[in-house]
Protein chains: 2
Amino acid sequence: MTSHPPPPPRATMREVASAAGVSLKTVSRVVNGEPGVREVVRREVEAVVEELGYRHHRGASDLRRSGQRTRAIGVLVQDIANDYSARLLRSLEDATRERGFVLLAASLDEDAARERQLVTEMIARRVDGLVLMAATDRQDYLAADVRAGLPVVFVDRVPHGLDVDCVTIDNAGGTRAGVEHLLGRGHRRIAFLGDLPAIPTARERLAGWRQALVAAGATPDPALVRDGLRTVDAARDALGDLLRLPDPPTAVFAARNVLTVGCLRAVRWDAPAPAPEVVGFDDVELLDLLEPRTTVVRQDVEAVGRAAADLLERRMAAHGWPARHVVLPTELVVR
Amino acid sequence: MTSHPPPPPRATMREVASAAGVSLKTVSRVVNGEPGVREVVRREVEAVVEELGYRHHRGASDLRRSGQRTRAIGVLVQDIANDYSARLLRSLEDATRERGFVLLAASLDEDAARERQLVTEMIARRVDGLVLMAATDRQDYLAADVRAGLPVVFVDRVPHGLDVDCVTIDNAGGTRAGVEHLLGRGHRRIAFLGDLPAIPTARERLAGWRQALVAAGATPDPALVRDGLRTVDAARDALGDLLRLPDPPTAVFAARNVLTVGCLRAVRWDAPAPAPEVVGFDDVELLDLLEPRTTVVRQDVEAVGRAAADLLERRMAAHGWPARHVVLPTELVVR
DNA sequence: TTGAAAGCGTTACCAG
DNA sequence: CTGGTAACGCTTTCAA
């Protein structure tokens, strides 16, 4: 393989200017659609732009422009490939597209070090705003940047040690509704499968499970709680274990989409005759077609994205107002 | 709501320099971890950096640095929220993360105008490379930029009017395998549900359906082909229609994940007693738990992403070698 | 309507 | 080891 010589560098405004026989500033005017250029000149410049393949350089433009807006938003989610994160990303895209924003997206995988590294990266790139599904316990490391005017919105999880806007859902309430549904169907031994206890959302859902049981006069049995579950297989194994207990649960609450799928796999492949009833947090594609029917606590992901975009844009427009915490309701979808 | 005064602008290297009593260049050295700075001075500068909340400005740095690398990759997919696009994005992220790349992601929604607008946007931001799931018929509009050295890799679809690298899968072959599976089970009237015929991938899958039928001595009936289907509901309606034909199909090949879901909904809710058998292109979560079992043609999305990242990085490293077309195999998952 | 010069925040180059 | 000066590609400012 012969390594060819590198292609010539891109044409700059200066080159377009000299080729068109006008000044740099005139090219800038044409390229930016500013007034004050005769039609003949404009045409000529446009022709040279085309001929030389000139492309506007946003980086240089942003640098010089006052205000220093990059029209880029950093979005750090748990895992881009996960349905929840992907839909959130999409709704943020839709909500910001018209104003010309571009999304810098990355996955954190619940890794605190990775969060700090990527936040630094985003700030170095001077994003106009940051949407964060935090993987860290505390986010005081961001305080100076927030004070310096960086618009930050937390999604899915509340901030700790940091006073910024956030959009969450009613995790405890949603979970209570799900567990109450099971209680109403006569279950008393209801297991709970959860994500890492370090995640506030996971803790809130566990609390909801406990609250519902206590309110119903049932005893939350610690032996029926399995947390720290990250994957479909981990959930499947955990439920399998629970079903082998001497006094196994008759129902399970799965606190996340991935865990619900794991439970259903366990029920299908590993469960003894009277399969436990499953209720999950977050709806999953095709779940409504599956037998036995699985009730879920559904959240409006698109609404979360819209609210986050809205808060972000308000922050970008005006700085200094108190942090707002938006909590969106959940909906029990009984099947 | 009182609009507070804007926060003071971020500290620059110059300010750090004067506060630390050193030159601009020394701060630059410290910030970039370059050698040639006494330990005492380095410590002092680092302290001032911390105190003033200085943050490196990549935009300015990239502008001045030779090579003009932004370490950003533009990824334009069909729909970030779709499982296929989301997983592709994630595998590109994993494959490029170590080298410090960041992903600029956007959805095209099969909209040609949107593709051209976003490509312009990405070039203006001087991405180091572009991954494109094209929505346009032809991409000659990119020729000048490719000649100018922009690394571009097409994924899922081959380029037209443009000689660039691409990663696709064996769409016709995969579809043939799926249809042959149905033929082997005794079906002769096999319907085809496809996406927009403007999408090369969709056309190749349709061709595969035809090839398999012809090879088996069956007649591809145009009345059993429904294309231009974009959504779950469109697929559901289309299959519903087909089943109301005087001589309805006994099986369906659904050429995309979304369409498979639509077919399964139709089968579950709208189909008469002997439900048609469904085979789909692309696997879907939970599909393996659904009754009746649905066979699928599976592709390795992660491998597509890895191959695309690999081609992109080769292009970035050395320019001028002939375009390479990688075609990955599919796998029939019989259920 | 047009253009020359300065400067955005940084790094390259070369002198001390 | 350290620092001045120029320059990256562009927009702003102001003068012509």
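So that the names make sense, note that chain A is the first sequence line, chain B the second, and so on, each numbered from 1. As the structure is a prediction and not an experimental result, all values here were calculated from the model.
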Nearest to the side chain of [X], heavy atoms from C-beta on, is which of [options]?
| X | options | answer |
| --- | --- | --- |
| B/V41 | D/dT2, C/dT1, D/dC10 | D/dT2 |
| B/S28 | C/dT10, C/dG3, C/dT11 | C/dT11 |
| B/K25 | D/dC10, C/dA12, C/dT10 | C/dA12 |
| A/H57 | C/dT2, D/dG9, D/dG3 | D/dG9 |
| B/H56 | C/dG3, C/dT10, D/dT2 | C/dT10 |
| A/S23 | C/dA12, C/dG9, C/dA4 | C/dA4 |
| B/T12 | D/dG9, C/dT1, C/dG9 | C/dG9 |
| B/L24 | D/dT11, D/dG9, C/dT11 | C/dT11 |

What is the distance, to the nearest angstrom, from the [atom1] atom on [X] to the [atom2] atom on [N]?
| X | N | atom1 | atom2 | answer |
| --- | --- | --- | --- | --- |
| A/E39 | C/dT2 | CD | C1' | 16 Å |
| B/I123 | D/dG9 | CD1 | P | 17 Å |
| A/R125 | C/dT10 | CZ | P | 15 Å |
| B/R64 | C/dT11 | CZ | P | 10 Å |
| A/L63 | C/dA6 | CG | P | 18 Å |
| A/E34 | C/dT2 | CD | P | 13 Å |
| A/D62 | D/dT12 | CG | P | 11 Å |
| B/R14 | C/dT10 | CZ | C1' | 10 Å |

Please determine if a side-chain N or O atom of B/T26 lies less than 4.0 Å away from the OP1 or OP2 oxygen of D/dG3.
-> yes
Does the side chain of B/R65 get closer than 4.0 angstrom to OP1 or OP2 of C/dA12 through an N or O atom?
-> no
Salt bridge or not for A/R306 and A/D310, using N-O below 4.0 Å?
-> no
Basic-acidic side-chain contact under 4.0 Å: A/R324, A/D165 = no
B/R29 (side chain) and D/dG3 (base): donor-acceptor pair under 3.5 Å = yes
Is there a donor in the side chain of A/T136 and an acceptor in the side chain of A/E115, or the other way round, less than 3.5 Å apart?
-> yes
Tabulate below the donor-acceptor pairs under 3.5 Å that side-chain atoms of residues 90-101 of chain B make, not counting sequence neighbours, or state none.
from: B/R90; atom 1: NE; to: B/D94; atom 2: OD1; distance (Å): 3.1
from: B/R90; atom 1: NE; to: B/D94; atom 2: OD2; distance (Å): 3.3
from: B/R90; atom 1: NH1; to: A/D79; atom 2: OD1; distance (Å): 2.9
from: B/R90; atom 1: NH1; to: A/S107; atom 2: OG; distance (Å): 3.4
from: B/R90; atom 1: NH1; to: A/D109; atom 2: OD1; distance (Å): 2.9
from: B/R90; atom 1: NH2; to: A/D109; atom 2: OD2; distance (Å): 2.8
from: B/R90; atom 1: NH2; to: B/D94; atom 2: OD1; distance (Å): 3.1
from: B/S91; atom 1: OG; to: B/L88; atom 2: O; distance (Å): 3.0
from: B/E93; atom 1: OE1; to: A/S107; atom 2: OG; distance (Å): 2.7
from: B/E93; atom 1: OE2; to: A/S107; atom 2: N; distance (Å): 2.6
from: B/E93; atom 1: OE2; to: A/R114; atom 2: NH2; distance (Å): 3.4
from: B/D94; atom 1: OD1; to: B/R97; atom 2: NH2; distance (Å): 2.5
from: B/T96; atom 1: OG1; to: B/L92; atom 2: O; distance (Å): 2.8
from: B/T96; atom 1: OG1; to: B/E93; atom 2: O; distance (Å): 3.4
from: B/R99; atom 1: NE; to: B/E313; atom 2: OE1; distance (Å): 2.3
from: B/R99; atom 1: NE; to: B/E313; atom 2: OE2; distance (Å): 3.0
from: B/R99; atom 1: NH2; to: B/E313; atom 2: OE1; distance (Å): 2.9

Of B/P35 and A/R10, whose nearest nucleotide on DNA chain D comes first from the 5' end?
-> B/P35
Distance under 6.0 Å and angle within 45° of ring axis: B/R10 vs B/Y54 = no
Between A/V37 and B/R55, which has a closest nucleotide on DNA chain C that is more 5'?
-> A/V37
Using a heavy-atom cut-off of under 4.0 Å over every strand shown, decide if B/R58 touches base, sugar-phosphate, or nothing.
-> nothing
Counting only pairs under 3.5 Å, give me each side-chain donor-acceptor contact of residues 28-35 of chain B, with atom names and distances, residues two or more places apart or in other chains.
from: B/S28; atom 1: OG; to: B/N32; atom 2: ND2; distance (Å): 3.4
from: B/N32; atom 1: ND2; to: B/S28; atom 2: O; distance (Å): 2.8

